[in-house]
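Heavy-atom basis, side chains included; hydrogens, waters and symmetry copies ignored. Keep in mind the model is a prediction, meaning the values are calculated, not measured. Sequence lines set the chain letters: A, B, ... in the order given, protein chains first and strands last, and positions in each chain run from 1.
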Amino acid sequence: GQSLEQPSEVTAVEGAIVQINCTYQTSGFYGLSWYQQHDGGAPTFLSYNALDGLEETGRFSSFLSRSDSYGYLLLQELQMKDSASYFCAVRDGPTYTGGFKTIFGAGTRLFVKA
Amino acid sequence: GAVVSQHPSRVICKSGTSVKIECRSLDFQATTMFWYRQFPKKSLMLMATSNEGSKATYEQGVEKDKFLINHASLTLSTLTVTSAHPEDSSFYICSAARWGSGELFFGEGSRLTVL
């Protein structure tokens, strides 16, 4: 079966650093993505790792270890606007018309306090 | 970034009726679109892959006769919830993938309420 595990909730204070972990077990693997979703909004793409290591994009970084089926999203210098749900997502396999089928984890709700 | 538009954003219908939701990629051709369903404070559940010019590929447990998907052009996919029941009430989100990219661009979502 397919499963992605991530913590359900994380709370942190403004200016802090928070790490959201994700472990996965899927039939296929073509990369790990992270998406942010504010309440009532659509998910937006944050980052993607196809190979092991760290990818940095501004205040956000994402890490992948394929041998451990594990990845994490690191958020630095937290701001109140970072309060949202964060989903890890596995690109399970290519479709025959292009793109990759993507399976999402349950999401981690991040609460940033002043 | 790429824009995906979804319409309507909210719809209320009576039990037994059918509802159509449209998903358009506004600035790129999308040979593949995906339909997800999301319950409150829950994950996005992949329902089906919409393939331009051919039949949709449904995930296990999703009734293809109930959730009709049509992808007749490179910029439009539609999801029709047929004979809707209250348990079909949910947030439906479409996404599109640009050719050669795995990044998903999401529509704004459609909140369906079946009375």
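- In this structure, OH in A:Tyr24 is found 11.5 Å from OG in A:Ser3, a value given to the nearest 0.5 Å.
- Taking A:Pro43, A:Gly107, A:Gly31, A:Ala106 one by one and counting their heavy-atom pairs under 4.5 Å with chain B, the maximum is reached by A:Pro43.
- Atom OG1 in A:Thr102 sits 4.0 Å away from atom CG in B:Leu104 (nearest 0.5 Å).
- A donor-acceptor pair shorter than 3.5 Å cannot be found between the side chains of B:Thr82 and B:Asp65.
- With a threshold of 4.5 angstrom between heavy atoms, B:Leu44 approaches chain A through its backbone and through its side chain.
- Taking A:Tyr48, A:Phe104, A:Tyr30 one by one and counting their heavy-atom pairs under 4.5 Å with chain B, the maximum is reached by A:Phe104.
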Between A:Gln79 and A:Val112, is a side-chain contact (heavy atoms from CB on, under 4.5 Å) present by the stated rule, with each step listed? CA-CA 7 Å; A:Gln79 302 174 10; A:Val112 180; over 6 Å; no

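- Most heavy-atom pairs under 4.5 Å with chain A, from the set B:Gln60, B:Glu59, B:Met33, B:Glu52: that is B:Glu59.
- Judged by the 6.0 Å distance and 45° axis criteria, B:Arg37 is not positioned over the aromatic ring of B:Phe67.
- In this structure, the portion of A:Phe87 lying under 4.5 Å from any heavy atom of chain B is its side chain and not its backbone.
- In terms of non-hydrogen atom pairs under 4.5 Å with chain B, the most contact-rich of A:Ala42, A:Ser85, A:Gly40, A:Ala50 is A:Ala42.
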